[in-house]
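The structure appears right after this line, and notes come after that.
FYI, the numbering just counts along the sequence from 1.
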Amino acid sequence: MSPTLRDATADDAAAIAAIYNPYVLETVISFEESPIQPVDIARGITKIKSDGLPWLVAEHDGQKLGYAYASPWRSRPAYRHSVESSVYLAPQAQRLGIGERLYLALIEQLRKVGKHTVIGGIALPNAASVALHEKLGFRQMALFEQTGYKFGRWIDTGYWQLLL
């Protein structure tokens, strides 16, 4: 399978919600606790793109397989060169290299728009996400214990950084 990577549009919001919401409802990978509505994702796509940042979708034969985007790391002006990245895949797209392709394309677009630092936050444990980040050259910079509480337990968060 060789999916096409392209810029996301608001029309992709329902498919993105369908990919993301199982992470919300079934895992600690997302710290959201309630499903996200497509209208909220459409607003998010518009906001991210209006900030000059990329939001990408991977699709094959019209089926959305995953997405990746970058959002501002923090709101204060001096942080404007740093972003936080997110990559999510549909179950059938996992372990096929699609996440890596999405991430590499995201990183390339971030370089083009002049970003300096990409930060990936990972709810731990998550061996697959750690492996992907480290394969792409990210280094672990922080571990915060018990930062989230979901499904009746505390979850640690690690932060990986890539200097562009």
- prompt: Quick one: side-chain hydrogen bond (donor to acceptor under 3.5 Å, both in side chains) partners of E59, sequence neighbours excluded?
  reply: R6, K64

Path from L132 to Y67 over hydrophobic side-chain contacts below 4.5 Å: yes

query: Can you name the closest pair of heavy atoms from V57 and L102 and give their distance?
result: C-CD2, 4.2 Å

Non-hydrogen side-chain atoms of Q109 and D7 separated by less than 4.5 Å: yes

- prompt: Quick one: are S85 and L106 in side-chain contact, heavy atoms under 4.5 Å?
  reply: yes

message: Please evaluate residues L164 and H116 with respect to the criterion side-chain contact (heavy atoms from CB on, under 4.5 Å), reporting the C-alpha separation (whole Å), side-chain torsions for both, the decisive distance (0.1 Å), and the verdict.
response: CA-CA 5 Å; L164 300 176; H116 181 71; 5.7 Å; no

- request: Under the side-chain hydrogen bond (donor to acceptor under 3.5 Å, both in side chains) rule, collect the residues that match up with K135, sequence neighbours excluded.
  value: E100

query: Where the side chain of D12 meets the backbone of T9, is there a donor-acceptor pair that is under 3.5 Å apart?
result: yes

task: To the nearest 0.5 angstrom, please state how far the CD1 atom of I19 sits from the CD1 atom of I41.
output: 9.0 Å

task: Please report the closest heavy-atom contact between P54 and L110, naming both atoms and the distance.
output: CD-CD2, 3.7 Å

query: Mind checking whether F138 and Y103 have ring centres under 6.0 Å apart?
result: yes

Single-linkage hydrophobic cluster Y159~Y79, side-chain heavy atoms < 4.5 angstrom: yes

field: Interatomic distance, R101 atom CZ to L56 atom CG [nearest 0.5 angstrom]
entry: 11.0 Å

- prompt: K150 and E32: which non-hydrogen atoms are nearest, and at how many Å?
  reply: NZ-O, 2.8 Å

- prompt: Is a side-chain N or O of Q161 found less than 3.5 angstrom from the main chain of L163, in a donor-acceptor match?
  reply: no

- line: Nearest heavy-atom contact between S34 and V24 is O-CG1, 3.4 Å

message: I'd like to know if the side chain of N21 and the backbone of I36 have a donor-acceptor N/O pair within less than 3.5 Å.
response: yes

query: For the hydrophobic clusters of this structure (ILVMFWY residues joined by side-chain heavy atoms under 4.5 Å, transitively), does one cluster hold both L143 and M141?
result: no

task: Check the pair W160 / I122 against side-chain contact (heavy atoms from CB on, under 4.5 Å), numbers first and verdict last.
output: CA-CA 8 Å; W160 276 254; I122 304 173; 3.5 Å; yes

message: Please check: side-chain N/O of K49 versus main-chain N/O of A8, any donor-acceptor pairing under 3.5 Å?
response: yes

message: With rounding to the nearest 0.5 angstrom, report the CD1 to CZ distance, I48 to R43.
response: 14.0 Å

message: Before we go on, tell me: are the rings of W55 and Y69 under 6.0 Å apart, centre to centre?
response: yes

statement: Separation between CZ (R74) and CD (E84), nearest 0.5 Å, reads 10.0 Å

field: Cluster link W154 to I29, ILVMFWY, side chain under 4.5 Å
entry: no

query: Shortest non-hydrogen contact from L65 to P3?
result: CD1-CB, 3.9 Å

- line: For G137 and L162, the nearest pair of non-hydrogen atoms, with its separation, is O-CD1, 3.6 Å

- line: d(W73 CH2, I119 CD1) to nearest 0.5 Å is 4.5 Å

message: With side-chain contact (heavy atoms from CB on, under 4.5 Å) as the criterion, how do R153 and V28 come out once you've worked through the C-alpha distance, each side chain's angles and the decisive distance to 0.1 Å?
response: CA-CA 10 Å; R153 66 183 176 98; V28 297; 3.6 Å; yes

